[in-house]
> 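Provided herewith is a single structure, encoded as C-alpha cells, for subsequent inquiry.
Since the model is a prediction, treat every value here as computed from it, not as a measurement. Throughout, a chain's letter reflects where its sequence line sits, starting with A, and its residues are numbered from 1.
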Amino acid sequence: MGHLRFPSRVPVIAVTGAALLVAGCTSTKSGGSDTSASSGGKVSIGLVTKTNSNPYFVKLRESAQAEADAKGAKLIALAGKFDGDNQGQVDAINNLVTQGVKGILITPSNSTGVLGAIKAARDKGILVIALDTATDPASAVDATFATDNEAAGVKQGKYVKGALGSKKPAVVLLDGTPGSTVDDLRHKGFLAGFGITSGSSEIKGTAVTNGDQTKAQTAMENLYQRDHGINAVYTINEPAAAGAAQALSGKTGVVIGSIDGSCTGVGNVKSGKFAATVMQFPKKMAQDGVDAVVDFAKTAKKPSGFVDTGSQLITDKPVAGLDSKDTAWGLKNCWG
Amino acid sequence: MTTTHTSPTTPEAPTARPPAKSLLARLIGNAAAGPLAALVIAVIVFALTTDTFFNLDNGSLIVEQFLVVGTLALGQTLIILTAGIDLANAAIMVLGTLVIAKLGQHSMPGGLALLVGVLLCTAVGAVSGTLVTRLRLPPFIVTLGVLSVLTATGQLFANGESFAVSSGVLTFLGKRSYLFGQIEVTYGMGVAIVLIVGLWFLLTQTSWGRNVYAVGDDEEAARLTGINTRRTLLSVYVLAGFVYAIAAWQALGRIPNADPNAFQTGNLDSITAVVIGGTSLFGGRGGIPGTVLGALVVTVLTNGLTQAGIDSLYQQVATGILVIVAVAVDRVVRRRAA
C-alpha cells in the first residue's frame, strides 16, 4: 500500500487546483447514460488510481489492463489529478457507477473523502476493493489488497540495523509527507525493526522530503553537515533514497535502506548507491483485484479483509538471519 | 528601443533612495537592502547558535543548494519585473532535463542533447511570450496553461521512468574543484556567476533593460514614450526560457538523474526567492541582486534551521512569514513613492 512518489505538492495544488478540478470534472462526468454498461457481455471493471502520472500507478494500471485482457474483461481506468484529489476520485467512482461496472478497484486518496461515493457504489451491489492503500476504516471497502507497509518497514529497519553490525547507530529518517498512512506505517515499522523508538537518542534528525529526490538530497546534505557521524538512513521511498545517496556520495560507511522495488531502485542497490530496498508487488495487487471482480461476476463471491500482497528484501549484501533476494532476482521482478 | 528614461510620470527609484548612494547601494539597488539585512541576520544567528553552520564546507554547500532554484528565480525575476508571473518555469526546466538526459542516453553526444534542450526551453518561452503579447492573455493564465501542458508532457515523455545521466558534458556543472586548495566549488557556481552578472548588466546598463523596467512600471506609458512594448515583453519571455535551460543543466549537475516528479514546487520556490529579494509583484521595481540574496536567504534558512534541529515544517512556516513581510514592505515603499 505504498506509493513510489508523492507527485503533487500542496502549494502547487493551491495555484492550479481550481483549474485542474474544472478540467477533471468535465472529463470524468461524460459517462452519462446507463446504456454503456458492460459492452458485449464483458465484465466491466473500474480502476481508480491516485494519479495517472506516478510510475507506480502506471504499472498498476498496465498490469490490471493486461489481466483484464487475459480474462476477457473490460477495464475502465480513471484517476485523480493529484495525490489527495478526493473530488476527482469521487467523480471517477460516480462515473464508473453510471457505466454499470461490476467492481471498482481503487487506490484511495489518504483521507476519508471518498468513502461516501464508495458506500453509494457498494449499495448498488458493486464490489469495491482497495488496492495499495487501505481506507479508514478498512471496512469501508469489501477487501484490501496491499503491501503490509509496517511489515515492509520492519524489514528495512532490521536490515539497516543488521548491516551496521556492532557500530553505534546514528540514524537519519527521511520521511515522505506527514500524516500519510503509508508514511506513518513504514516509519513505525522501521523504528520497530531497528529496535528504537521515536524518542531514542540514536535518531540524529528527521526531514520531510515529499518523496522528492531533490528535497531529500538537500535535507540529507544539511543533516550530514550537522552531524558527520551519521551511519544509517531510513528513506520513505527510492527517489528519496537516490537523493540521500547523491548527498552522501564519496562518504563511506553510511547504510541507506529504502522501500518500493522499482527497477531504478533495484539498479541503485546493484550499483551500491543504497544497501537494500524492500520490494512491493503492484502487479500482484492489480492481477488479484481484477481476478476477484471476474470471480465475483461469475460466482457472486466477494473477497474480504486485508490481503497482504507481500514484500521482499532485496540486497547484494545479505545479513545473517534475514530473508533476502539478490539484485539479479530483483531486476527480474521489479516494476516500472 | 532608444529610450533612456522611463516615462516622466514614474518617479520609481529616485524618491526611495537616499541622496548619497554608496557603491554597494548602486550595485545592488535599494530593493535589495531588505534581503541583504535578512541574510546577514540569519548568518549571524546560525553562526552563534550552531557549531556546524559557519565554515567553508557549509558555505560551499549553501551555494550548491542555491544553484537550481536560484537560476530559476533569475528567469522568474525578468518576468516579474514586467508585472508578469511564471508558474511554468520549473516545468519547463524539468522537461528540459528529461529531454536532455534521454537524448544523451541514446542517440546523441551530450553537447548536442544539451543544445536541443536549450532550444526547447527557449522555444517554450517564445510561445508563452507570444501568447502574452499577441493575444494579450494574462501571464498568470498563459503560464498556468503551459505548466499543465508541460507537466503532463514530461510524464508522457518519461512514461514512468527517470533517466540517468553519465555524459561528462551534462554533469559538468556538478563537477567539483578546489580554490586555494580548500574552498570547494562546482563549475555550476561559475556558470551562475556569469549568468547573474550578465543579466544584471543587461537590466541595468542597456536600453533594453530600461525598457523592461518601463514596461513593468506602466506598459501604456512605456508605449507612449515610443518603446516597442510587445517586442520587449517577448524578448523577456524568450530570455527567461533560455535561463530555465541553464537551470536544467544545473539540475543535471546536481542530481545526474532526470525525474519527471522532481522540483514539484520549483515554480513557487522561485517566486518566493524573487519576492523575498524585493522585486515587486506589481512590476518595475527590484532586480537581479535582490533575487540572488532572496534565494540565498531561503537556502540559508533551510540549511541553518536544519542544523539547529528545527522541524522542516517550521522551516516552511518561517519562509512563508518572510514572503508576507517582503510583500508588505514592498507595499509600504510603493505607497510612499506614489
> Should the heavy atoms of other residues, nucleotides or ligands under 6.0 Å from CZ of B:Phe282 be counted, would the total exceed 12?
yes

> Measure A:Val208 against the heavy atoms of chain B and call it side chain, backbone, both or neither at under 4.5 Å.
both

> Considering only heavy atoms, which portion of B:Leu313 lies under 4.5 Å from any heavy atom of chain A: side chain, backbone, both, or neither?
side chain

> Taking all non-hydrogen atoms of both residues, which atom of A:Asp212 and which atom of B:Asn261 are closest, and how far apart?
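Smallest heavy-atom distance, with atoms named: OD2-O, 4.1 Å.
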
> Under 3.5 Å, which donor-acceptor pairs link side chains of residues 59-68 of chain A to any protein atom two or more places apart or in another chain?
| unit_1 | atom_1 | unit_2 | atom_2 | d |
| --- | --- | --- | --- | --- |
| A:Arg61 | NH1 | A:Asn52 | OD1 | 2.8 |
| A:Ser63 | OG | A:Lys59 | O | 2.9 |
| A:Gln65 | NE2 | A:Asp69 | OD1 | 3.1 |

> Sequence neighbours left out, cut at 3.5 Å: what donor-acceptor pairs do the side chains of residues 242-254 of chain A make with other protein atoms?
| unit_1 | atom_1 | unit_2 | atom_2 | d |
| --- | --- | --- | --- | --- |
| A:Gln246 | NE2 | B:Arg254 | O | 3.1 |
| A:Ser249 | OG | A:Gln246 | O | 2.9 |

> Contact part of B:Thr52 toward chain A, heavy-atom cut-off under 4.5 Å: side chain, backbone, both or neither?
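Contact with chain A: backbone and side chain both.
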
> Tell me, do B:Asn55 and A:Gln225 make a side-chain contact under 4.5 Å, heavy atoms counted?
yes

> Got a second to check how far B:Ile62's CD1 is from A:Glu221's CD, nearest 0.5 Å?
11.0 Å

> Inspect the surroundings of NZ in A:Lys283 and state if more than 12 heavy atoms from other residues, nucleotides or ligands are less than 6.0 Å away.
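Counting neighbours around NZ of A:Lys283, 12 or fewer heavy atoms of other residues, nucleotides or ligands fall under 6.0 Å, so no.
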
> Is B:Thr151 in contact with chain A via its backbone, its side chain, both, or neither, using a 4.5 Å heavy-atom distance?
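Neither the backbone nor the side chain of B:Thr151 comes within 4.5 Å of chain A.
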
> Give a yes or no answer on whether the side chain of A:Gln213 reaches the backbone of B:Asn257 with a donor-acceptor pair at less than 3.5 Å.
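Confirmed, A:Gln213 side chain pairs with B:Asn257 backbone.
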
> Only one of B:Asn303, B:Thr299, B:Asn58, B:Thr302 passes side chain to side chain donor-acceptor pair (under 3.5 Å) with A:Asn222; say which it is.
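Among the candidates, only B:Asn303 passes.
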
> Looking at side-chain heavy atoms only, is the closest gap between B:Thr265 and A:Lys215 below 4.5 Å?
yes

> Using a cut-off of under 4.5 Å on heavy-atom pairs, state which of A:Thr218, A:Val58, A:Asp227, A:Leu223 scores highest against chain B.
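Sorted descending by pairs with chain B, the first entry is A:Thr218.
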
